[in-house]
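Structure, as structure tokens:
Just the heavy atoms: all of them, side chains too, but no hydrogens, waters or symmetry mates, feed the values below. Being a predicted model, the structure only gives us computed values, none of them experimental. We count residues from 1, following the sequence as given.
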Amino acid sequence: MAQVQRMSRLMIKTLRDDPADAETLNHKLLVRAGYVRRTAAGIWSWLPLGKKVLDNITRVVREEMDAIGGQEVLLPALLPKEAYEASGRYDEYGDLLFRLQDRKGADYLLGPTHEEIFTQIVKDMCSSYKDLPVILYQIQTKYRDEARPRAGVLRGREFQMKDSYSFDTTDEGLAEAYQLHRAAYIRIFERLGLDHRVVSAVSGAMGGSASEEFLAPAPAGEDTFVDCPNCDYAANTEAVTYKVTTVADASATGAVEELDTPDTPTIETLAAHLGVAASATLKNLLVKVDGEIVAVGVPGDREVDLGKLGEHLAPAVVELVTAEDFVGRADLVRGYVGPQGLEKVRYIADPRVAAGTAWITGANKEGVHAKNVVAGRDFEVDDYLDVVVVEAGDPCPKCGTGLQVDRAIEIGHIFQLGRKYADIFSLDVLGQQGKPVRVTMGSYGIGVSRAVAALAEQTADDKGLCWPREIAPADVHVVAAGKALQTELALEVSEKLNAAGLRVLVDDRAGVSPGVKFTDSELIGVPKILVAGRRSAEGVLELKDRRTGEREELTVDEAIARLVADQG
């Protein structure tokens with residue numbers, strides 16, 4: 001049985017003011033309440049209360065992973081680079097990788113994720129279809145060299161993650177493992193008390209096909225997602241697709257006509273000069289894809305989502321052009337580019353630039369634009385890709401209703417990887433027919449430390465943290481209001497609660513005012529607060545619900561009975 005945690009012996013220091021560098025709620029409150037301390041940029045030390053919360057989340061994750069047949073392992077964080085070179089991710093991750101050498105000059109990295117290593121282990125351990133299917137998982141520290149670590153533990157360079165991997169001989173087996181993980185993730189986040197959405201996503205550097213994210217709506221979130229108020233459609237904005245439409249007849253549109261438009265290199269200046277809506281113009285953004293110049297056309301009132309473009313074109317590297325790229329290119333006139341005059345330039349267009357649509361766009365001459373430029377008549381589109389930044393009100397791809405846009409924290413991501421890594425490492429097993437069968441894989445991650453931050457963001461109020469019971473550092477926070485009699489009663493009740501199976505934190509600090517203790521109890525955020533106060537001599541305590549603020553006076557026996565009953 002765990003002992004009563006006495007604050008007089010607890011390594012904790014609460015703060016009245018927010019840290020000077022804190023921007024997000026979780027950063028402010030986790031530091032102020034004594035859960036974490038910053039060690040370096042993006043690197044955090046978990047103090048006793050914070051470690052308890054982290055361990056509680058880990059326990060829930062472990063229980064649900066075990067329930068679907070997952071087998072827990074622990075792989076090294078320090079990894080040789082060869083496996084990641086074989087998969088191409090040693091270069092694809094770029095500056096996100098922590099790279100180092102040992103004393104002999106051999107190259108290593110700190111693991112950002114472990115698909116390669118898990119694949120090699122299964123290749124070594126499994127030789128027959130009888131050895132599969134198998135689900136392996138670990139809960140471990142990961143490392144990514146974020147350029148701008150921020151938002152407290154939400155975006156760190158070192159973080160706790162659960163990653164699991166399924167190995168099957170058939171696509172049907174992979175689909176079953178994927179659904180097992182999906183259901184387990186929903187149970188995990190429900191137990192943690194996290195408000196979450198399951199949304200369609202892109203696979204990114206992970207590769208594979210089917211992919212879904214688990215997002216916790218919060219203003220501090222770095223992900224943007226959409227959901228439809230009319231149907232069940234929900235997706236990360238990078239995964240939203242807009243169907244190509246075709247204008248049936250453009251015969252009424254006149255011939256291309258050039259317009260004198262001096263000093264109008266931007267859509268705003270052009271629209272103002274001509275007195276037209278920005279949506280009537282065609283914006284042409286020049287980028288380099290693996291060093292080759294590519295033009296991307298979108299309606300003038302929309303912005304190009306470079307992240308979405310990069311996902312469409314991965315693993316190619318996409319970057320904006322520079323002034324040097326215009327040198328020696330007479331067909332590229334900065335601020336006045338039009339698709340009808342480009343030479344040897346691949347032209348990608350958003351589906352809204354459909355065949356038959358007419359536009360005002362650059363004429364490829366300084367100070368000149370052209371109108372009546374028709375897609376499919378005056379220029380050809382090489383590829384249609386949905387590349388605009390999604391906006392509220394855009395039509396739902398499923399039912400056409402205007403979409404809602406919100407911000408969220410990514411707390412989980414599941415992928416049907418397929419045979420990408422099995423192909424790279426030749427992961428085969430002997431099949432039922434006596435012939436080699438290529439294994440198919442799934443990859444499934446949960447941000448354990450991110451879940452702490454997400455819960456802090458979602459559940460805190462103006463007084464401090466307000467943890468759900470499942471992951472709180474204690475079930476009840478007993479506060480001794482200050483006098484010896486009150487402290488004696490608080491300790492006595494704490495021991496009785498502990499004996500009844502409750503996790504107890506008791507504020508028995510001497511020389512600390514009742515006001516500070518009450519403020520700290522609300523800041524720390526344990527679900528129930530039990531106060532030994534003014535009626536202690538009568539054996540009467542005050543029980544407070546941290547979330548609702550409801551209070552009632554109870555005898556010691558009544559308080560214990562109530563708290564035990566509340567645990568279910």
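The ring-ring contact (aromatic ring centres under 6.0 Å, His included) check on His114 picks up nothing, with sequence neighbours excluded. Taking Arg197 as the reference, Asp195 meet the salt bridge (charged side-chain N to carboxylate O under 4.0 Å, His left out) condition, with sequence neighbours excluded. By the salt bridge (charged side-chain N to carboxylate O under 4.0 Å, His left out) test, Asp325 is found to be paired with Lys288, residues two or more places apart in sequence or in another chain being considered. Applying the side-chain hydrogen bond (donor to acceptor under 3.5 Å, both in side chains) rule to Asn364 yields no partners; only residues at least two apart in sequence or on another chain are considered. Under the ring-ring contact (aromatic ring centres under 6.0 Å, His included) criterion, Tyr185 pairs with Phe214, not counting sequence neighbours. Not counting sequence neighbours, the partners of Phe379 by the ring-ring contact (aromatic ring centres under 6.0 Å, His included) test are Tyr347. Partners of Arg187 according to the salt bridge (charged side-chain N to carboxylate O under 4.0 Å, His left out) rule, which considers only residues two or more places apart in sequence or in another chain, are Glu64. Not counting sequence neighbours, the partners of Glu85 by the salt bridge (charged side-chain N to carboxylate O under 4.0 Å, His left out) test are Lys81. Remark: Gln160 engages Thr141 in a side-chain hydrogen bond (donor to acceptor under 3.5 Å, both in side chains) (not counting sequence neighbours). Residues passing the ring-ring contact (aromatic ring centres under 6.0 Å, His included) test with Tyr90, sequence neighbours excluded: none.
Residues His27 and Trp44 bring their aromatic ring centres within 6.0 Å.
Residues Lys398 and Cys228 have side chains not in contact (no heavy-atom distance under 4.5 Å, counting atoms from C-beta outward). Between Leu342 and Val337, the closest side-chain pair of non-hydrogen atoms falls below 4.5 Å. Using a 4.5 Å heavy-atom threshold, the side chains of Arg302 and Asp350 count as separate.
Counted by atom type alone, His413 and Ser211 present one or more donor-acceptor pairs between their side chains at under 3.5 Å. Asn284 and Thr361 share a donor-acceptor pair across their side chains, judged by distance under 3.5 Å alone. A side-chain donor from one of Lys162 and Ser164 sits under 3.5 Å from a side-chain acceptor of the other.
Among the candidates Val287, Val318, Asp383, the single residue satisfying the side chain to side chain contact (heavy atoms under 4.5 Å, CB included) test with Leu313 is Val318.
For residues 433-454, the ring pair (Phe, Tyr, Trp, His ring centres under 6.0 Å) pairs, not counting sequence neighbours, are His181-Tyr444. Under the salt bridge (Lys or Arg N to Asp or Glu O under 4.0 Å) criterion, the residue pairs touching residues 359-375 are Glu257-Lys371, Glu258-Lys365, with sequence neighbours excluded.
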